[in-house]
Structures are given as C-alpha cells and as structure tokens.
Amino acid sequence: MSDIEEASDTLAEVNLDDTHKPLIENLESDPNSSLKDIVVTIGATVPTGFELTAADEVKEKLGSQSRISKDRGKIYFEISVEKLLQVHRLRSVDNLFVVVQEFTDYQFKETKEDALKDLEDLAKKLPWTDPLKVWKLNTNLKKRKTKHKKQNQSGASKEKLNDDGGKDRANQKDADKELLDHAQNTPSLKSAEQNTEKTQEMILADDQSDGKDEFLNITGNENQAGDCKKGEAEAQVLKFRVTCNRAGDKHCFTSNDAARDFGGAVQDYFQWKADMTNFDVEVLLNIHNKEVVVGIALTEESLHRRNITHFGPTTLRSTLAYGMLRLCDPQPTDIIIDPMSGTGAIPIEGATEWPSCYHIAGDNNPQAVKRAANNICSLLKKNQNKESGTSWGIPIDTIQWDICNLPLRTSSVDVIVTDMPFGKRIGSKKKNWDLYPACLMEMSRICRPGTGRAVLLTQDRKCFAKALSKMGHLWQKGHTVWVNVGGLHAAVYLLKRTLERAGEKRSYW
C-alpha cells in the first residue's frame, strides 16, 4: 500500500460526528491526519503602496513573515491550515488566494504557439493536492460562517465578537479552532482530502486515468451528517474558470490566450466544466514579466466590502482606510478625528480595529453626515444581541461642522486622518488652493503640539506641497506613500505636529 493510499484510508476512518473537540486536540489525537502538517503559501492583494503595512499586520496577527511581490499590490506568506479563518480577518488585504506553485524566472518560448503549449503542459505538472484541500476547507468555513450568522445573529458567540466588534481577542484562537474543527469533520472535506490525495498519486505515478473520476465527488453532499462511505455521495462536476492577470511587454501572447489554453488543459486534466459566471473554483494565472504564479481564489469578493452600507460619490475602501490609520500608530485613549469623513469609512474602520481610542467623523455636507450615521447604525446592528436587545457599542460619533472652524478645543486631538478633496468629483482644483492651507492651519490648532500627527490622502499633490511649504513651522513631513485610488495616482502624507503653537489666521500665499 502506497503512502497516499494509506493516508486516504486514515481519512476515511475519521469520526465525522466529533465536531465539538478543539482542532488541536483532534489533530494531536490523530497523528496520521494529513491536515495537521499542511503549510501553504497564501497570496493577498493589497492597496498599492501599502504592501509593507499589510506585511506588518500579517507578522503581528499571524506570526508569519511576508514577501512582497515584484508586481505591486501583492504579498505572499506561509500559514498552517488552522490559521485560515484568521487570514480572512486581516484588515489590510483585498483578495486572497492559495498558491499552487510559483516560478520566479519562468522562461517563455519565443513563439506564441510554443509558449501556450508550455502553459498547457504546466497545468498537468502542478502540485494541486494541498491547495485544493485548502480551497475545500475555505469553502466549508464560509458556508459554516454564513449559517452561523443566520442562526446566531445575537452576537453572543465568540466568532461574532471577533468578526464584527474586534473584542474578546483572548478567545479568538478558540473560536478559530472550533470553526476549523467543524469544517475538518464534514463529509465534503473528507471527500476533498481523499480525492486530492488521489490527484497527488496521479502526478507521482504519471497515471492520469486513475483517480480523475474520484475528483468528481469533491463537492460531495454538503448537508449529509455522520460517517460517509466511499461513493455514497452523488457525483457533481465542479464548474471553474481561469483568470489571467498579465503585466509586461515581452510576452508573445495575450491574457485571453493564456487563460483559454491554460484553462483548456485544466479542464482536460480534472474533467471540470468551464463556466465564466457561476463557477465553483477560480484558478488564477498571474504573469508579471518572468514571474508566474498559479493559485486558487479563496475570496469571491473583495474583503474591503465590510463596513459601508450607504455609499457616497468618493467612499474610501476600508482596506485603504486601515492602512492610513495604521500609519499613524494609534495608542489607547487617543482622540482620532476625520474632519472630512464623507460616509465615515475611516472612523468606522478605526472604531472597529482600535476600540480603545475615540473616533469622530465630521463633514460640512449634511447628506454625508447622514450617510455616516447610517453606516454607524448598520455596524451597531451587526453587534447587537437581538435576544436581549442590547448593543456592544463602538467608540464613535458623527457631527456636521466646517473644516476651517472646528468646534474643538485647541490642542485637544491626538490624530487626524482624512481623505482630502481631490478637486475632481467634489470641489475643484481652484478651490483647493484656498481650502488646503486653511485646513492645515485649523488642523494644527486642534492637534497636540509635539505628539500630534496627521495622515492625509490627496491626489492634488502640487497644491498640497505648496500649502505645506508655508507651514513648516507647524507640520513636519514624514514619509510619503504613493497609492492608486480608482486609477488616480495619489499620495498619503504622514505629518507630525511640531512644538510651536498655532498663531493667528493669516494669508497663506
């Protein structure tokens, strides 16, 4: 009996009804479990320019070192499968995928036909086994999470406290283990493990006919309870699509060419059904010059869609808001304001992730203030215990004010984080020449001298640089992060408040 067959037989003996033991206990009690030792590489797309910020978060929350891709806006890090749910809780990442294999110096053939033929052959040689296990595990966790939210919207569970309120962090590890334990012991996961082990056997033995039919059962029967015998679940053919992201001008083929031919090879290999819209598996083919990464998507939509329910014309992505907040290093008891908050994306993200600070969202537009208030109410409802009618609450408030005359005491604010008007959808470039210096002066008045800091996002860099140059006595510029906001080349400036007190208002030009 081969090692692969032995592992499959071991998985068949797992007690699928034992869903209450912690994950670690189950893995330790079963030394032959193939899940225990699986370590995979996760790829994550992040806001361009905030790769280092995302890497710091991964190190802080997962204990993993990250590698920043040559292709801007991506990082890679290794995790064990028991940390998969924690990966989905990262605040700085947009989309996630599990890496099948990475090639740092892939040598493409000179002609289009040969290059595409190489990609077809590559699909049959890749180590699909562990990535497909992780995909199946991820699918079960998402279904379990959806079911859990529908049945337990009270917010009393550990998982909901950690997902929505950012509280009870001491119990986060236990919550992860419980959910992962449930997914590990579902019939569909066992089916995935058995069949992906068969795939590895096919690769090693170079016998493609054996085991491919087994993979048709990878979806299994999601609602079946108790132990499952082999072949009991009705076979279902997976639907898939291949998405190719290509950058570089030295390729003799297009992204569509690569996706079509590579996808055809994947279809022939697994006997899956191609479907561009209603797909189960999304295979990613990322090509950046000579760097090639094949992966399987773990997110159906971007993780930045988490806080905002009422959108405005310039609503900031939650992942970008988190990156800006992290730049200013919030400390407990800090008062953090966004004087031009719009729909409140930055303060809401701050209140969720830094609940020991107090956050204020302000804007001069009454409609924007109303949207921000509605978004705060939506977040409160997510944290609400419907059985008792109580809410966990978040440290945030919203107010309508004039940015140039803020109703705040002098030197009363620790941190200012805001998305300034670009002068395109809101305001104009001409108005910015008066608005920017007035804003910086008022911000310097309310910000604490010596310890205060500001993180400001703008695309009107020329106007901002001129305004800042007149206020070197009040603001000291730290580093600048160049970001892409909706296709616009913008900058995030980190400013530190000097010790000098703000003087009388005067002409800035």
Side-chain angles (χ1 to χ4, degrees), residues 40-79 83 86-99 102 104 166 245 247 284 286 288-289 291 293 295 298-299 302-304 306-307 316-331 334 336 338 345-346 349-350 352-354 357 415-420 453-459 461 464-465 468 475-496:
V40 294
T41 299
I42 299 294
T45 61
V46 303
T48 303
F50 281 98
E51 294 87 355
L52 288 175
T53 302
D56 288 342
E57 185 192 12
V58 170
K59 175 64 177 176
E60 175 187 310
K61 297 181 178 179
L62 301 178
S64 301
Q65 295 288 348
S66 299
R67 176 174 49 83
I68 298 175
S69 171
K70 296 177 182 178
D71 186 10
R72 293 191 69 194
K74 292 187 181 70
I75 64 170
Y76 297 95
F77 52 92
E78 291 186 350
I79 62 160
K83 293 184 178 180
Q86 289 175 259
V87 173
H88 281 274
R89 291 196 178 107
L90 294 174
R91 315 295 292 185
S92 58
V93 303
D94 287 315
N95 291 285
L96 297 166
F97 58 94
V98 56
V99 175
E102 180 181 7
T104 57
N245 301 298
L284 304 176
N286 296 328
H288 180 74
N289 293 325
E291 182 183 82
V293 180
L298 299 179
T299 49
S302 176
L303 296 179
H304 82 269
R306 54 175 174 255
N307 295 330
L316 198 66
R317 297 165 69 97
S318 295
T319 47
L320 185 53
Y322 175 85
M324 293 173 63
L325 283 159
R326 196 174 176 94
L327 275 181
C328 63
D329 189 24
Q331 299 298 312
D334 275 354
I336 304 175
D338 181 352
I346 294 175
E349 184 68 23
T352 303
E353 187 66 11
W354 287 276
C357 302
V415 178
I416 301 170
V417 185
T418 194
D419 174 13
M420 303 183 75
R453 54 255 189 229
V455 175
L456 309 177
L457 167 67
T458 180
Q459 189 261 345
R461 302 187 301 277
F464 184 85
L468 187 62
W475 293 106
Q476 179 184 355
K477 188 174 78 168
H479 66 280
T480 304
V481 178
W482 303 103
V483 297
N484 187 307
V485 181
L488 298 176
H489 190 53
V492 176
Y493 297 93
L494 173 60
L495 308 180
K496 293 184 179 181

After noting the C-alpha distance and the side-chain angles of Thr48 and Val483, does the key distance pass the side chain to side chain contact (heavy atoms under 4.5 Å, CB included) rule?
CA-CA 5 Å; Thr48 303; Val483 297; 5.7 Å; no
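- Thr299 contributes atom OG1, which lies 4.0 Å from atom CG of Asn95 (distance to the nearest 0.5 angstrom).
- Considering all non-hydrogen atoms of both residues, Leu457 and Ala490 come closest at CD1-CB, 3.9 Å.
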Walk me through it: do Ile68 and Leu52 pass the test side chain to side chain contact (heavy atoms under 4.5 Å, CB included)?
CA-CA 8 Å; Ile68 298 175; Leu52 288 175; 3.4 Å; yes
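- The two residues Tyr76 and Gly43 come nearest to each other via the heavy atoms CD2-CA, 3.6 Å.
- Heavy-atom minimum distance, Ala345 versus Ala321: O-CB, 4.1 Å.
- Shortest non-hydrogen contact noted between Ala491 and Arg461 is CB-CD, 3.9 Å.
- Of the possible donor and acceptor atoms, one in the side chain of Arg453 sits under 3.5 Å from a partner among the backbone N and O of Cys328.
- In this structure, CD on Glu51 lies 11.0 Å from OG on Ser66, to the nearest 0.5 angstrom.
- Contact between Leu298 and His88 at its shortest, heavy atoms only, is O-CE1, 3.6 Å.
- Between Val492 and Val455, some side-chain heavy-atom pair lies under the 4.5 Å cut-off.
- The CD atom of Glu78 sits 11.5 Å away from atom NZ of Lys83, with the distance rounded to the nearest 0.5 Å.
- Looking at heavy atoms from C-beta onward, Leu303 lies out of side-chain contact with Leu90 at the 4.5 angstrom threshold.
- Residues Lys74 and Asn286 are in side-chain contact: their nearest non-hydrogen atoms beyond the backbone lie under 4.5 Å apart.
- Between the side chains of Glu291 and Asn289, no donor N or O sits under 3.5 Å from an acceptor N or O.
- Remark: Tyr493 OH to Met324 CE distance equals 12.0 Å, nearest 0.5 Å.
- A heavy-atom distance below 4.5 Å is found between the side chains of Val40 and Ile79.
- For Asp94, the side chain to side chain contact (heavy atoms under 4.5 Å, CB included) test picks out Thr45, Pro47, Ser302, His304, Arg317, Thr319, with sequence neighbours left out.
- Between Val58 and Ile42, every side-chain heavy-atom pair lies at or beyond the 4.5 Å cut-off.
- Separation of atoms CG (Asp56) and CD1 (Ile75) is listed at 9.5 Å; rounding is to 0.5 Å.
- Salt bridge status for Lys61 with Glu353: present, with a side-chain N to carboxylate O gap under 4.0 Å.
- If you take CD1 on Ile346 and CG on Asp338, they are separated by 4.5 Å, rounding to the nearest 0.5 Å.
- Under the 30°/60° scheme for interplanar angles, the aromatic rings of Trp354 and Tyr322 are found to lie parallel.
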Decide yes or no on side chain to side chain contact (heavy atoms under 4.5 Å, CB included) for Asp419 and Leu320, but give the supporting numbers first.
CA-CA 10 Å; Asp419 174 13; Leu320 185 53; over 6 Å; no
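- Checked for salt-bridge contact, Arg91 and Glu57 miss the test: no charged N lies under 4.0 Å from a carboxylate O.
- For Ile336 against Pro330, the heavy-atom pair with the smallest separation is CD1-CB, 3.8 Å.
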